[in-house]
Amino acid sequence: MTLRVYNTLSGKKEEFHPLSPPKVGIYACGVTVYDYCHIGHARAAVAFDVIARYLRFSGYDVTYVRNYTDIDDKIINRSNEQGVDWKDLARTFIEAHDTDMGALGVQRADVEPRATDYIDQIIGIVKTLEEKGVAYEVDGDVYFEVEKFDGYGKLSKRNIEEMQAGARIDVDERKRNPIDFALWKSSKQGEPAWDSPWGKGRPGWHIECSAMSAAILGQPLDIHGGGKDLIFPHHENEIAQSEAAGDREFVRYWMHNGFVNIDSEKMSKSLGNFFTIREVLEKYRPEVVRFFLLSTHYRSPLDFSDRALTEAETRYERFMNLFARAARAEPQDRDLTEKERASTSVLTGEIETHFRAAMDDDFNTAAAIGHLFTALGPLNAILDSADAEGRGVAAGWKKEVDAFFRKVGGVIGFFEGGIADGEAWFSAGVGGDGTLEKARAMALERVEARKNKDWAKADELRDEIGELGYAVQDTPQGPVLIPLKDA
RNA sequence: GGCGCCAUGGCCAAGUGGUAAGGCAGAGGCCUGCAAAGCCUUUAUUCCCCGGUUCGAAUCCGGGUGGCGCCUCCA
C-alpha cells in the first residue's frame with residue numbers, strides 16, 4: 001500500500017514520494033506566541049503530530065520542524081498593553097504552548113526554531129529578492145512585488161486581478177500594488193529592532209517560515225503544513241518569496257488541516273468563540289480531547305461541543321475497560337487456546353491491515369480508529385469466557401494484545417503503557433486522603449456480605465462507597481473501584 | 001461580488017464507480033442477587049433535490065437548494 005496525501009496545491013490526493021527517501025522533511029507552521037493556545041491550535045498540532053508519527057511508523061526518516069513566531073505585531077501590541085517585555089511575553093507563551101501540547105500527547109518536533117534566531121537568514125533572503133528586482137524598499141520597509149512572480153495565486157486558486165477587484169485592504173499608498181506584502185518592516189521608536197541594510201527593523205510575517213524552512217530542511221521541502229486559514233495569504237506569500245529567491249520549487253506537498261468549529265462556525269480569536277486548551281483540560285482529560293480531535297479526518301471541519309467531548313470520553317473508555325479487564329485476568333502459563341489465537345491473529349492480520357490502509361489514505365485517523373473498535377468484541381468475548389469458566393487467559397494472549405495496542409497506539413498517540421493504561425485510567429487522581437483505603441476496606445466487607453447473601457448490607461455498603469466517590473464493579477477477580485464522574 | 005469546500009440513519013462519522021465501516025444514543029436478549037463492565041441481536045433498498053454519463057454512482061458531470069470557509073490578523 002502506498003501512502004496517499006492530499007496536496008492543497010493540486011487539490012487531489014497524490015502518491016507520496018519524498019525527494020530523497022527515506023528522508024522526509026516536514027515543516028509545520030507553529031503559533032505566534034502572544035496568548036494561550038486554543039483548541040484550534042491543538043487540532044493542528046495533533047494532526048501534524050500524527051502525520052509525523054505515521055511517517056516514522058512507515059519507515060521514513062523524518063525531520064519534523066515546527067516553528068514559533070516570536071516576533072510580530074501582535075506580540076508587540078500585547079506586550080505594550082500588558083507592560084511586559086516582548087521577549088518575556090514570548091517566552092511565557094512558548095512555555096505554555098509546550099505544556100499544553102505536551103499534555104495532549106503531542107511529541108516535540110525535531111527542530112523548534114524561533115524567528116528571532118534566524119534574522120540573518122531572513123535579511124539574506126530579502127536582500128536576494130531585492131537584488132533580483134522582485135522586492136523594493138520604501139522608507140525602510142521592503143515589499144515583495146507580487147506582479148513580478150508568475151505563479152502567484154496557485155496555492156489559494158485565485159488570480160491577482162480578482163484580488164485587486166475584491167480588495168478591501170486599507171491601501172498603503174507607498175506600495176506599488178495593494179497586494180504587495182511586507183518582507184521587512186522598519187521599527188518605530190521603542191519597538192524591537194535589528195540592524196539591516198534598510199535600517200533598523202524587523203521581519204514581515206511570512207518571511208520567517210521561508211528562511212527557517214530553507215535553513216533547516218533546504219528547498220524544496222517534502223511537506224509543509226498548517227491550518228487552512230494559512231493558505232492565503234501566508235503560504236501563498238511564502239511560495240512567492242521562496243521560489244523567487246531560490247529559483248526552484250518551494251514545497252512538494254502542501255497539507256492543511258480543517259478548523260474546529262463552535263456551532264458550525266470557525267473558532268477564532270476575532271469571533272471570541274474559542275476555548276483554550278487549558279480551559280478544556282479543566283473539564284476533560286487530555287486523552288479524551290486528543291481522541292475527539294482525531295475522531296474526524298484532519299481536513300474536515302470538527303464541531304466542538306460538550307456532547308462531542310462526552311462521546312469521545314465514552315468511546316475512549318471502551319478501550320480502557322478492555323485494557324483494565326485484560327490486565328486483571330490471571331495470566332496462565334500455557335499455550336493459547338484456539339479462540340485466543342484466532343482473536344489475536346485478527347488483530348495483527350485484518351485489523352492492522354485496515355488500520356494501515358486507512359492511515360495510508362491521507363492519514364484517515366477516523367477510519368483507522370473505527371477499525372480499532374472492531375477489535376473490542378472478540379477480545380472482550382475471550383475475557384467473558386475466561387470469566388465464565390473461572391480461569392485466566394494465556395499469558396501469551398495478554399502479551400499480544402498489549403503489544404498490538406502499543407503498536408497502533410504509538411501511531412495515533414495513545415496507549416503508551418499498553419493494557420496497563422486501563423487500570424491507570426480508572427485510578428487516576430485518586431487516593432492520598434485515605435478515602436480509597438476506606439472504600440477498599442468497605443468493598444472487602446461487602447464481599448463478605450455478598451457471600452452471606454446479605455444483599456441489604458451489600459447494597460448499603462455500595463451506597464456508602466458511592467458517597468466516598470467510587471462505584472463498585474463486582475468482577476470474578478474481586479471488587480473493582482472506579483471513581484465516580486462529577487463526584 | 002470573486003474563489004473554494006461540504007451536505008451519508010436520532011446524533012457523530014468513514015466511504016479512492018461495483019452494490020452503505022465504526023461509534024454514541026435507543027430497543028430486545030444473555031451475564032449479574034441487583035448493578036457496572038461486557039457479549040449477542042436489532043436500527044439507511046439508501047446517501048439534500050433534479051437531470052446526465054455508465055452495464056453499474058453516495059462516489060463522475062451539469063443545474064438547483066442549504067451550510068461553511070478564504071478574499072483582513074488567525075491553526
Side-chain angles (χ1 to χ4, degrees), chain A residues 4 8 11-13 28-32 34 37-48 72-74 77 153 156-159 161-170 179 205 225-234 236 256-261 264-271 274 292 295-297 299-303 305 307-308 310-315 317-318 320-322 324-325 354 357-358 361-362 364-374 376-385 387-388 426 450 453-456 458-459 462 471-475 479-480 482:
Chain A
R4 285 155 44 88
T8 308
K12 293 182 198 133
K13 285 184 199 170
C29 283
V31 294
T32 300
Y34 71 102
C37 291
H38 59 59
I39 291 297
H41 298 113
R43 185 177 195 195
V46 168
F48 284 94
D72 166 270
D73 289 358
K74 295 203 157 182
N77 293 341
S156 53
K157 318 271 192 275
R158 60 190 81 201
N159 63 56
E161 293 72 44
E162 281 165 2
M163 281 186 285
Q164 288 168 329
R168 26 187 250 244
I169 315 162
D170 50 329
I179 59 175
W205 174 34
K228 272 189 160 75
D229 45 2
L230 296 182
I231 293 172
F232 189 89
H234 187 52
E236 195 69 61
H256 294 94
N257 64 274
F259 301 133
V260 175
N261 292 160
S264 303
E265 279 195 330
K266 178 187 171 184
M267 178 185 289
S268 74
K269 297 252 169 163
S270 35
L271 287 172
F274 63 92
F292 161 72
S295 63
T296 300
H297 184 91
R299 280 190 286 115
S300 303
L302 173 60
D303 224 76
S305 67
R307 189 177 179 159
T310 302
E311 186 182 321
E313 179 175 64
T314 306
R315 280 157 52 85
E317 289 199 339
R318 297 285 319 271
M320 294 303 108
N321 271 316
L322 169 74
R325 289 187 79 190
H354 285 149
D361 185 12
D362 197 28
N364 193 335
T365 54
I369 290 171
H371 289 116
L372 257 27
F373 272 97
T374 65
L376 259 25
L379 261 22
N380 273 311
I382 296 292
L383 292 162
D384 279 352
S385 51
D387 284 351
F426 291 112
R450 294 184 68 228
K453 300 202 190 298
D454 185 351
W455 310 127
D459 289 344
R462 177 158 54 196
V472 194
Q473 285 185 12
D474 296 319
T475 76
V480 173
I482 307 277

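Please read these numbers as outputs of a predicted model, since none were measured by experiment. In what follows, every chain begins at residue 1, and chains take the letters A, B, ... in the order their sequences are listed.
- Contact annotation: A:K157 side-chain N/O to B:G2 OP1/OP2 distance is not under 4.0 Å.
- Counting any heavy atom pair closer than 4.0 Å across all strands shown, A:K266 reaches a base atom.
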Short heteroatom pairs, N/O only, protein and nucleotides 5-8 of chain B, under 3.5 Å:
none

Collect all protein-nucleotide pairs involving nucleotides 17-19 of chain B in which both atoms are nitrogen or oxygen and the distance is under 3.5 Å.
none

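- Of the possible polar contacts, none joining the A:R462 side chain to the A:V472 backbone as a donor-acceptor pair under 3.5 Å is found.
- For the pair A:K269 and A:F274, the cation-pi test (distance below 6.0 Å, angle within 45°) is passed.
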Please produce a list of atom pairs where a protein N or O lies less than 3.5 Å from an N or O of nucleotides 36-43 of chain B.
residue: B:A36; atom: O2'; partner: A:Q473; partner atom: NE2; Å: 3.2
residue: B:A37; atom: O3'; partner: A:N321; partner atom: ND2; Å: 3.2
residue: B:G38; atom: OP1; partner: A:R318; partner atom: NE; Å: 3.2
residue: B:G38; atom: O3'; partner: A:N380; partner atom: ND2; Å: 3.0
residue: B:G38; atom: O2'; partner: A:R325; partner atom: NH1; Å: 3.2
residue: B:G38; atom: O2'; partner: A:D384; partner atom: OD1; Å: 3.1
residue: B:G38; atom: O2'; partner: A:D384; partner atom: OD2; Å: 2.9
residue: B:C39; atom: OP1; partner: A:R318; partner atom: NH2; Å: 3.4
residue: B:C39; atom: OP1; partner: A:N380; partner atom: ND2; Å: 3.3
residue: B:C39; atom: OP2; partner: A:R318; partner atom: NH2; Å: 3.3
residue: B:C39; atom: O4'; partner: A:D384; partner atom: OD2; Å: 2.8

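- By the 5.5 angstrom centroid cut-off and the 30-degree plane limit, A:W455 is classified as stacked against the base of B:G33.
- Among residues two or more places apart in sequence or in another chain, the side-chain hydrogen bond (donor to acceptor under 3.5 Å, both in side chains) test is passed with A:H234 by A:H206, A:E238.
- Side-chain proximity of A:R158 to B:G69, B:G2, B:A14: nearest is B:G2.
- A:H354 comes within 4.0 angstrom of nothing in the nucleic acid, heavy atoms only.
- Every residue two or more places apart in sequence or in another chain that forms a salt bridge (Lys or Arg N to Asp or Glu O under 4.0 Å) with A:D229 is listed here: A:K266.
- Contacts of A:S268 with the nucleic acid, taken as non-hydrogen atoms under 4.0 Å apart, include base atoms.
- A straight line from CG of A:L271 to P of B:C68 spans 12 Å, rounded to a whole angstrom.
- Comparing A:N364 and A:N257 against RNA chain B, the residue whose closest nucleotide sits nearer the 5' end is A:N364.
- One P atom belongs to B:A44, the other to B:G23, and the distance between them is 15 Å to the nearest Å.
- The side chain of A:T374 approaches B:G22 more closely than any other nucleotide in the set B:A13, B:G23, B:G22.
- Residues forming a salt bridge (Lys or Arg N to Asp or Glu O under 4.0 Å) with A:R325 (at least two apart in sequence, or on another chain): A:D384, A:D387.
- Between the CZ atom in A:R4 and the NZ atom in A:K13 there is a gap of 6.0 Å [rounded to 0.5 Å].
- Remark: A:R318 is not positioned above the aromatic ring of A:F373, lacking an NZ or CZ atom under 6.0 angstrom from the ring centre and at most 45 degrees off the axis.
- Straight-line distance between the P atoms of B:G26 and B:A37: roughly 11 Å, to the nearest whole Å.
- For the pair A:D303 and A:M267, nearest-nucleotide mapping onto RNA chain B gives the more 5' position to A:D303.
- If you take atom C1' in B:C47 and the same atom in B:U59, they sit 10 Å apart, rounded to whole Å.
- At B:C3, none of the side-chain N or O atoms of A:N159 fall inside 4.0 Å of OP1 or OP2 (strictly under the cut-off).
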